[in-house]
2 protein chains.
Amino acid sequence: MAGRRSGRRPGPTETRDAILVAARELFAAKGYDGASVRGIARAAEVDPALVHHFFKGKEGLFVAAMEFPVDPAEIVPLIFMGPPGEIGERMVRTFLRVWGAPEFRDQMMALLRSAMTNDQATVVFREFVSSALVSRAAATLDIPRVRIEAAVAQMVGIVMLRYVLRIEPLASTPEEELVELIAPTIQRYLAP
Amino acid sequence: MAGRRSGRRPGPTETRDAILVAARELFAAKGYDGASVRGIARAAEVDPALVHHFFKGKEGLFVAAMEFPVDPAEIVPLIFMGPPGEIGERMVRTFLRVWGAPEFRDQMMALLRSAMTNDQATVVFREFVSSALVSRAAATLDIPRVRIEAAVAQMVGIVMLRYVLRIEPLASTPEEELVELIAPTIQRYLAP
DNA sequence: CGCTGAACTCATCATGTGGTGAATTTATCT
DNA sequence: AGATAAATTCACCACATGATGAGTTCAGCG
């Protein structure tokens with residue numbers, strides 16, 4: 001920080017990734033508008049100007065940080081494989097698993113939080129839910145989209161109360177118990 | 001704005017309320033951190049310093065703007081009056097009605113959006129859901145709190161997809177159709 | 001009338017924001 | 001070895017933010 005020599009460092013460059021990691025963390029915690037380039041740089045122990053050098057500004061950083069490590073094309077089909085009588089169960093499990101894994105959660109959290117206050121992020125998130133989730137499910141299930149969206153709404157709501165607002169006892173209820181409680185709801189929406 | 005004379009205006013003071021109205025609007029649209037005192041003052045066509053004069057800073061403004069016109073103590077009991085077989089229906093209807101009315105929605109929206117990125121607002125919102133909604137319901141219903149929270153989660157999720165993210169077709173689905181779709185879910189949670 | 005306090009404007013501060021351009025040092029390719 | 005490109009730091013810019021204090025004008029009360 002303080003007495004750091006100018007110019008390129010010896011050895012291979014790890015800085016870019018350090019920035020990305022810090023960015024995911026801060027975007028997840030404060031959303032797009034709330035997180036600052038300088039704050040991210042500080043967290044990555046890096047000069048703020050490097051962020052621009054690598055990502056050409058805050059927006060570029062966000063886009064780069066959001067490049068999915070959680071690919072819906074891989075995850076969603078898992079929900080539809082297996083006995084149709086257990087779709088609800090599988091969907092709840094999948095959702096909770098994704099939101100339980102720190103890396104995935106950070107990215108989803110960043111998207112969610114950002115979508116609440118930033119218009120562009122709203123569009124991104126809407127598109128994500130619409131094409132990546134709803135359309136994919138609609139193609140397989142042959143039921144009205146509202147039903148799928150009702151199911152998504154239930155899961156988004158759970159995520160909100162559990163991970164964002166951390167309302168007890170929901171926040172500490174074990175996964176299995178939640179599956180038991182919520183699965184029938186999803187089942188009813190998706191397999192009427 | 002420009003050539004406005006200094007000093008107090010003739011006639012009764014309407015400025016304070018103008019600020020409150022603008023504040024509710026902007027807090028609802030951008031959340032606590034996103035909305036700025038200056039922006040609010042601009043919207044109210046008022047000098048920013050007046051905000052401090054009246055409310056002693058941004059935080060005071062927010063608190064004043066959030067003073068409930070929607071009193072849960074009045075609304076929540078409505079859900080429990082009437083045939084227990086229709087609790088689900090009444091809850092969905094009440095929720096949608098509150099979020100449909102522009103004044104109420106602004107305040108709820110402000111709370112929701114703020115809670116996503118501001119820690120203090122998170123606490124306020126959590127307390128609101130916990131005491132104003134869940135505890136009140138738990139006192140009447142004699143079922144585990146998780147069940148009530150699952151119901152709240154379902155409604156919060158709907159609100160998110162419908163009013164915040166505006167995902168179609170959910171965003172344009174008529175109230176009655178939604179009631180039909182969602183009510184059975186709530187019913188199952190609240191009357192097991 | 002005259003006084004006090006409230007309503008109102010203006011100039012100003014310290015801080016934080018995203019962003020730019022030049023200078024320096026190293027890696028990498030020929 | 002030499003040249004080019006990339007990584008890094010530093011010194012800035014223009015602007016927005018929340019906040020404060022002083023000064024002006026009016027309402028309301030005696």
Side-chain angles (χ1 to χ4, degrees), chain A residues 1-23 26-27 29-65 110 113-114 117-121, chain B residues 1-23 26-27 29-65 110 113-114 117-121:
Chain A
M1 312 260 252
R4 210 121 124 251
R5 204 145 113 268
S6 217
R8 182 167 187 161
R9 294 293 141 70
T13 307
E14 82 252 31
T15 309
R16 207 192 127 99
D17 292 308
I19 296 179
L20 276 181
V21 170
L26 288 203
F27 280 138
K30 317 199 191 179
Y32 181 82
D33 298 300
S36 73
V37 172
R38 291 165 132 92
I40 292 170
R42 212 176 305 131
E45 301 187 71
V46 143
D47 190 290
L50 270 185
V51 173
H52 287 79
H53 177 47
F54 282 122
F55 304 98
K56 162 110 187 118
K58 189 180 189 178
E59 204 172 317
L61 212 208
F62 187 73
V63 173
R113 283 214 158 95
S114 303
T117 42
N118 186 282
D119 287 346
Q120 283 189 269
Chain B
M1 310 262 257
R4 209 118 126 254
R5 203 146 116 271
S6 217
R8 181 168 188 161
R9 292 295 139 69
T13 305
E14 84 252 31
T15 309
R16 206 193 128 98
D17 291 309
I19 295 179
L20 276 181
V21 170
L26 288 202
F27 281 137
K30 315 198 191 181
Y32 181 81
D33 297 299
S36 74
V37 172
R38 291 164 132 93
I40 292 170
R42 212 175 306 132
E45 304 187 69
V46 143
D47 190 290
L50 269 185
V51 174
H52 287 80
H53 176 46
F54 282 122
F55 304 98
K56 162 108 188 120
K58 188 179 189 179
E59 203 172 317
L61 212 208
F62 187 73
V63 172
R113 282 214 158 94
S114 302
T117 43
N118 187 281
D119 287 346
Q120 283 187 270

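Heavy atoms only: backbone and side chains are in, while hydrogens, waters and symmetry mates are out. Chain identifiers are assigned alphabetically (A, B, ...) following the order of the sequence lines, protein sequences preceding nucleic acid strands; residue numbering begins at 1 within each chain. It should be emphasised that the depicted structure is a prediction, and the values quoted were computed from it without experimental measurement.
Place His53(A) and Ala49(B) on DNA chain D by their nearest nucleotides, and His53(A) ends up nearer the 5' end. Nucleotides of DNA chain C nearest to Lys56(A) and Gly39(A) differ in position, and the one nearer the 5' end is that of Gly39(A).
Note on Arg38(A): a base of the nucleic acid sits closer than 4.0 angstrom, heavy atoms only. Here Ala35(B) lies in heavy-atom contact (under 4.0 Å) with sugar-phosphate atoms only.
Side-chain contact between Tyr32(B) and Gln120(B): absent, with no pair of heavy atoms (C-beta onward) separated by less than 4.5 Å. Val37(A) places a side-chain heavy atom less than 4.5 Å from the side chain of His52(A).
Taking atom CG of Asp47(A) as the reference point, atom P of dG19(C) lies 15 Å away to the nearest angstrom. Here dT17(D) presents its P atom at 14 Å from CG of Leu61(B), a figure rounded to the nearest Å. For Lys58(B) and dT17(D), the NZ to C1' distance is 8 Å, given to the nearest whole Å. Phe55(A) has its CZ atom 16 Å from the P atom of dT20(C), to the nearest Å. Rounded to whole Å, the distance from CD1 on Ile40(B) to P on dA16(D) is 17 Å. The CG atom of Leu50(B) sits 13 Å away from the C1' atom of dT25(D) (whole-angstrom rounding). Computed from coordinates, the Ile19(B) CD1 to dT9(C) P distance equals 10 Å when rounded to whole Å. In this entry the distance linking CZ of Arg42(A) with C1' of dT15(C) reads 12 Å, nearest Å.
Going from atom CG of Asn118(A) over to atom OG1 of Thr117(B) covers 11.0 Å, rounded to the nearest 0.5 Å.
With dT20(D), dC10(D), dG18(C) as the choices, the nucleotide that has an atom nearest any side-chain atom of His52(A) turns out to be dG18(C). Side-chain proximity of Phe54(B) to dC8(C), dG18(C), dT8(D): nearest is dC8(C).
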**OP:** Step by step, work out the side-chain contact (heavy atoms from CB on, under 4.5 Å) result for Phe55(B) and Leu20(B).
**Re:** CA-CA 10 Å; Phe55(B) 304 98; Leu20(B) 276 181; 3.8 Å; yes
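In plain terms, the two heavy atoms of Ala41(B) and Pro48(B) that are nearest each other are CB-CA, 3.6 Å.
Phosphate contact (OP1/OP2 of dG16(C), side-chain N/O of Ser36(A), threshold under 4.0 Å): absent.
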